[in-house]
J.: 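Sharing a structure, written as structure tokens. Questions coming.
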Amino acid sequence: MTKEGATAPSALYDGALLQGDLFGERRLYAQVIVDVPAKQTNRPFDYIVPPQLQSWVAVGSRVGVPFGPRTLQGFVVGMSDRTSMDAGKLKPVEQVLDLVPPLNPELVDLARWMSRTYICHEITALQAMIPGALKAKYEKMIAFAGEETHSPAGETGRQAYMFARSPEEENIVAFVKQKGAVPAEALLRRFPDASLMLRNLLEQGILAEINSVKDRMNAKKVLYVEAAADRATMLEQAEKLGAGAKRQKELMVFFAGQPEPLPLAELTEKLNISAGSVKALAEKGWLSVQEREVYRDPYAGRQFAKTEPLPLTDQQRGAFVPISAALEEREHRVFLLHGVTGSGKTEVYLQSIQQCLDQGREAIVLVPEISLTPQMVERFKSRFGDAVAVMHSRLSQGERYDEWRKIGTKQVSVVIGARSAVFAPFTKLGLIIIDEEHEASYKQEESPKYHARDVAVQRASHQGAVVVLGSATPSLESYARTNERSADRSPFQLLTMEDRVEGRPLPAVHIVDLREELKEGNRSMFSRGLYKAIEERLHKKEQTVLLLNRRGYSTFVMCRSCGYVVQCPHCDISLTYHQVSRTMRCHYCGLSEPEPKKCPSCESEHIRYFGTGTQRVEEELGKLFPGIRVIRMDVDTTSEKGAHERLLTRFRNKQADVLLGTQMVAKGLDFPDVTLVGVIAADTVLHLPDFRAAEKTFQLLTQVAGRAGRHKLPGEVFIQTYTPDHYSIVTASHHDYASFLETELEMRRERGYPPYCDLVLITFSHEQVPMLVRAGESFAVRLKDKWKRSGAGPAPERGGLCGRGVDAPYFEVYGPVASPIPRIKDRYRFQCMVKYRGDIDVSGMIAEVAAAFDDTVRQEKLQIGIDVNPQVLM
DNA sequence: AGCACGCCGACT
DNA sequence: GTCGGCGTGCTC
């Protein structure tokens, strides 16, 4: 309203504002992020909130809004009573999709932070926070639009045409009219050949298209039965029933003494009565049947023996006290709990959570997906009972949604789950625990490429919550931050637990030099030491875990005549032979083709299989130890739902002697009779082109070694390797994290890698190499230019990072170079790496350069993937 | 992402 | 002379 308008009386009585006021209505506008992940729509759009929806719309609501010609799902990210736009141009919010907003203002802020930090569209970040069941689904509805007689005069031609509708058209109109609105898909199913007629009817305006957001939140409904009269009446009426209605009589008597409603299913089972009897009585009006929403509880009917807090050891107490104090102060703190395997970290978690709950606050527990086993869940369910919601990928979409719903409705105060559980919509968050914080699975590989650890710290800092990062082998980034010296990042507090509970010794570790074995004439994949050890375990009826971080049968297949290696035609990677299916498979694009009988290149039949995979180890075990019972666990045997747990249960029940698998056998398993762990080839990870290769090797070896001798029986570990002197292997064999850390930090410093700098990886992919090189080079130039113009100083020389002072800002773009796997699914891949240190908004700079590339992306089908790894400086 | 509006080739 | 190609731009 203008100033003049405010002083002129006539204007005061004009306009929608006043009209609204007269009817006691408030003007309310919602800022909505719509479900279109594109640069141009990556901002809020304003909508009018109609009066009847005002009490339902809040920041965090999921709404259906008209957007251009269609209706889209969107999230409300702001509410206000004014708008910067001409209010006359605004459209109204059409639908509110949930009774309770699925997000809250804090999560909406977090999404904005994520979109900036990880360079993604805001809608992508918002979508990542809600369960898949709430993902938008759109539906075209056909509705009846009005009588043709309403057409204005003068359009007689049109009318005449309309009156000439065919009987089939009449049928369609009648059908739609009767139903009110019909999904277009359903209509075409009913009238399969009607698409042309439908188009005519739509053009004539007799029918209309309505786009709406289909509501996928299907709460499960169950029928409940209860008495519809008082006890006396029920008994009285029971007597009046005929002798033939024996079941009904029974039911009446039962409900006379049953004031509470009962689920129909339970009733029919308990009283051995058919639903028909209930229906008959309901029709007579003596019973009432209602629909009730229920939760699909995947743990329904399972009894969890209640456990009480265990007395803490001195060491556990040493860790618990500072956490407890921070909780008490309601202060945001991050603790790094460095505890060797078996030191009792879980009990510290449990008691910290208990304290958090006692304060009326809520807790999130993140665990790697793979260790989200029934045993793990059981420990939490046993302590906190129904206050726990469990979220993992093995749940059906509906189950997942129901668990999640319990958070919003305050039925639970603890969530345990994998990565995405960090977004649990709690409003009084007090504690976030991240178990095995070094695990790579906390990093999401698709957009938004977030790291759950970083998101957790971000969330906690806004809520005054405590974060506990637990690990036996903390990531260098986290460990470095306990020594933080930079001004703008607060340090993590280190808590250490060095001893195993009850003083159980760490297992003895033998490093086996495979070169020596070869010299001695042992060409088998098992060293003599490991062979003997397995044999011994078979005799003693103890169990063995074998780790080989490579699935399939053999890693590559080569022709010995010409040296041809069978490769994937779509990816630059050799194919792996799978014995079970007798196929060659690509582990990157999933291609599967029959094994070659002769060399595709020279037709020779001298084809040999090189490299060992889990399938081959399994076969070999069977040959060496006839009758041995082996469970193989890798992606190929655990893809089926519940297979993972089934295999572990079998092993636990001692239905197998050996558990053989890829890294998934290394994580968090705890079997009392496992006394031997064998690592078939420790170097598989070590030589990957990854600056974290040594760290990953150390972590993997330490984790898997921790699987042996966790209970009464002492454990033994064999690590087979061709590089027995490598520091990651040597230090892992001594369970010596401190020494590993020291050496690895020195390596990182020399090479200029995290935690001495932050990294961002930018990958480009395209079907043609020239395009890719041009784009990558142009990107790098523009990025360097941006840095220069920011006036932050000259880019240092290459390698200049080494030995630089702690506070010196640094920025360098490396590349573009071909990616480690130069082609996947027929697309070539190049990458640039940005190394920097200091408080530089690199994400912002990259986002701007990427935005300038948008046209290229559209026209040339160039794909730019940006992987932001905000690391920690030392 | 869709969808409309807007300037240049092969057709009634 | 028109129908239609997809290049640019907008969606509260």
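Letters A, B, ... mirror the listed sequences (proteins, then strands); counts begin at 1. Note that the coordinates shown come from a computational prediction; the quantities given were computed from them, not determined experimentally.
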J.: Name the nucleic acid region contacted by A:Phe67, choosing base, sugar-phosphate or nothing; use a 4.0 angstrom heavy-atom cut-off, strictly under.
T.: base

J.: Across the strands shown, which category fits A:Pro66 at heavy-atom distances under 4.0 angstrom: base, sugar-phosphate, nothing?
T.: sugar-phosphate

J.: With respect to the phosphate group of C:dC12, does any side-chain polar atom (N or O) of A:Lys89 fall under 4.0 Å of OP1 or OP2?
T.: no

J.: How many whole angstroms separate atom CZ of A:Arg70 from atom C1' of C:dC12?
T.: 14 Å

J.: Rounded off to whole Å, could you give me the CE-to-C1' distance for the A:Met85 and C:dC10 pair?
T.: 12 Å

J.: Have a look at A:Phe45 and tell me which of A:Tyr29, A:Phe75, A:Phe67 forms a ring-ring contact (aromatic ring centres under 6.0 Å, His included) with it.
T.: A:Phe67

J.: Rounding to an integer number of Å, can you tell me how far A:Asp86 CG sits from C:dT11 P?
T.: 13 Å

J.: A:Ile123 has an atom CD1; how far is it from atom P of B:dG2, in whole Å?
T.: 14 Å

J.: Using whole Å, report how far CD of A:Gln73 lies from P of B:dA1.
T.: 17 Å

J.: Just how far, in rounded Å, is P of C:dT11 from NZ of A:Lys91?
T.: 9 Å

J.: Determine, for A:Glu369 against A:Arg419, whether the closest basic-nitrogen to carboxylate-oxygen distance falls under 4.0 angstrom.
T.: no

J.: Once you round it to whole Å, what is the distance between P of B:dA1 and CG of A:Leu72?
T.: 13 Å

J.: Using atom CD of A:Gln31 as one end and atom P of C:dT11 as the other, report the distance to the nearest whole Å.
T.: 17 Å

J.: Are A:Tyr450 and A:Trp113 an aromatic pair, judged by ring center distance below 6.0 Å?
T.: no

J.: Under the 6.0 Å and 45° cation-pi test, does A:Lys835 pair with A:Phe811?
T.: no

J.: Please determine, for the side chain of A:Pro69, which listed nucleotide (C:dC12, B:dA1, B:dC3) has the closest atom?
T.: B:dC3

